[in-house]
Trainee: 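Structure in structure tokens, see below.
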Amino acid sequence: MELGRDGTLWQEEPSARPRMPDPVRTAAVRAVIIVAVTLVQAMVAFLSTLAGSWLAFPAVLSTVASTIVATWGVLDVWVTRQVWIQRHGVESRPSSTARERRRERRRARRQARRSAAA
């Protein structure tokens, strides 16, 4: 076992991407599990069909239903991410710039009013 510079076993390394917010990560994990189960069901349905088993028809039906649920799960990740961004927000640079320009225009108008009144 190699120890780090400070004598600890565990070394934190900065990641290239920031960590996903908790609700988004939860939705993503849920979606991955649902998609994995759907793929297993699809494989069972396919192999049952090839074998001519009685299980083929129920497996195909459950795979169709699972595909709909998996699509919902993936869409849930996207919607959850959009909602999180909307609520907790990323600072929008263009609007910040526009806000600063508005302040400058207001200052200029006030100055013009003051100089016209004086």
Side-chain angles (χ1 to χ4, degrees):
M1 272 193 284
E2 261 184 63
L3 296 178
R5 283 183 234 133
D6 57 353
T8 59
L9 193 59
W10 184 265
Q11 290 273 212
E12 280 288 332
E13 292 183 15
S15 103
R17 296 177 73 180
R19 180 175 158 157
M20 276 193 287
D22 288 340
V24 178
R25 194 171 56 249
T26 303
V29 168
R30 188 181 323 121
V32 166
I33 291 170
I34 292 171
V35 168
V37 168
T38 301
L39 289 173
V40 169
Q41 281 183 325
M43 186 59 78
V44 167
F46 177 71
L47 293 175
S48 297
T49 304
L50 287 181
S53 170
W54 64 270
L55 189 63
F57 184 67
V60 168
L61 286 180
S62 70
T63 301
V64 169
S66 239
T67 302
I68 294 167
V69 172
T71 304
W72 169 83
V74 172
L75 281 174
D76 182 45
V77 174
W78 181 70
V79 169
T80 305
R81 182 175 171 272
Q82 295 300 322
V83 167
W84 193 90
I85 287 172
Q86 212 171 37
R87 286 187 184 159
H88 299 92
V90 177
E91 186 180 333
S92 174
R93 294 289 174 202
S95 69
S96 299
T97 305
R99 201 174 302 127
E100 187 58 38
R101 286 185 184 159
R102 260 184 304 198
R103 285 183 191 137
E104 288 172 12
R105 282 193 304 255
R106 271 190 238 127
R107 283 185 200 125
R109 276 188 296 225
R110 278 189 218 125
Q111 284 286 14
R113 273 189 252 136
R114 284 182 192 149
S115 60

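For this chain, numbers begin at 1 and follow the sequence in order.
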Trainee: Mind checking what makes side chain to side chain contact (heavy atoms under 4.5 Å, CB included) contact with R114, not counting sequence neighbours?
Mentor: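 Only R110 meet the side chain to side chain contact (heavy atoms under 4.5 Å, CB included) criterion with R114.
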
Trainee: Could you report the tightest heavy-atom contact between V77 and A27, atom names first, then the distance?
Mentor: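 Closest approach of V77 to A27, heavy atoms only: CG2-O, 3.3 Å.
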
Trainee: When you measure from the side chain of T63 to the backbone of Q41, do you find a donor-acceptor pair of N or O atoms at a distance under 3.5 Å?
Mentor: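 Pair found, side chain donor or acceptor close to backbone of Q41.
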
Trainee: Would you indicate whether the side-chain heavy atoms of R81 and M20 approach each other to under 4.5 Å?
Mentor: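 The answer is no, as the side chains (C-beta and beyond) never meet within the 4.5 Å cut-off.
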
Trainee: If you compare all heavy atoms of A70 against all heavy atoms of V35, which two are closest, and at what distance to 0.1 Å?
Mentor: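 A70 and V35 have their closest heavy atoms at CB-CG2, 4.0 Å.
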
Trainee: Is there a side-chain contact between T38 and V69 (heavy atoms, below 4.5 Å)?
Mentor: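 Of all side-chain heavy-atom pairs linking V69 with T38, none is under 4.5 Å.
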
Trainee: With a cutoff of under 4.5 Å between side-chain heavy atoms, which Ile, Leu, Val, Met, Phe, Trp and Tyr residues group with F46?
Mentor: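 Answer for F46: M43, L47, L50.
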
Trainee: So which residues get pulled into V32's cluster when ILVMFWY side chains under 4.5 Å apart are joined, directly or through others?
Mentor: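 Grouped by the 4.5 Å side-chain rule, V32 forms a cluster of one, so the answer is none.
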
Trainee: For the hydrophobic clusters of this structure (ILVMFWY residues joined by side-chain heavy atoms under 4.5 Å, transitively), does one cluster hold both V24 and I85?
Mentor: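 Both belong to a single hydrophobic cluster.
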
Trainee: Rounded to the nearest 0.5 Å, what separation is found between the CH2 atom of W54 and the OG atom of S48?
Mentor: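 Here the rounded value is 9.0 Å.
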
Trainee: As an exercise, state the distance from CD1 of I34 to OG1 of T71, rounded to the nearest 0.5 Å.
Mentor: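 Going from CD1 on I34 over to OG1 on T71, the span is 10.5 Å.
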
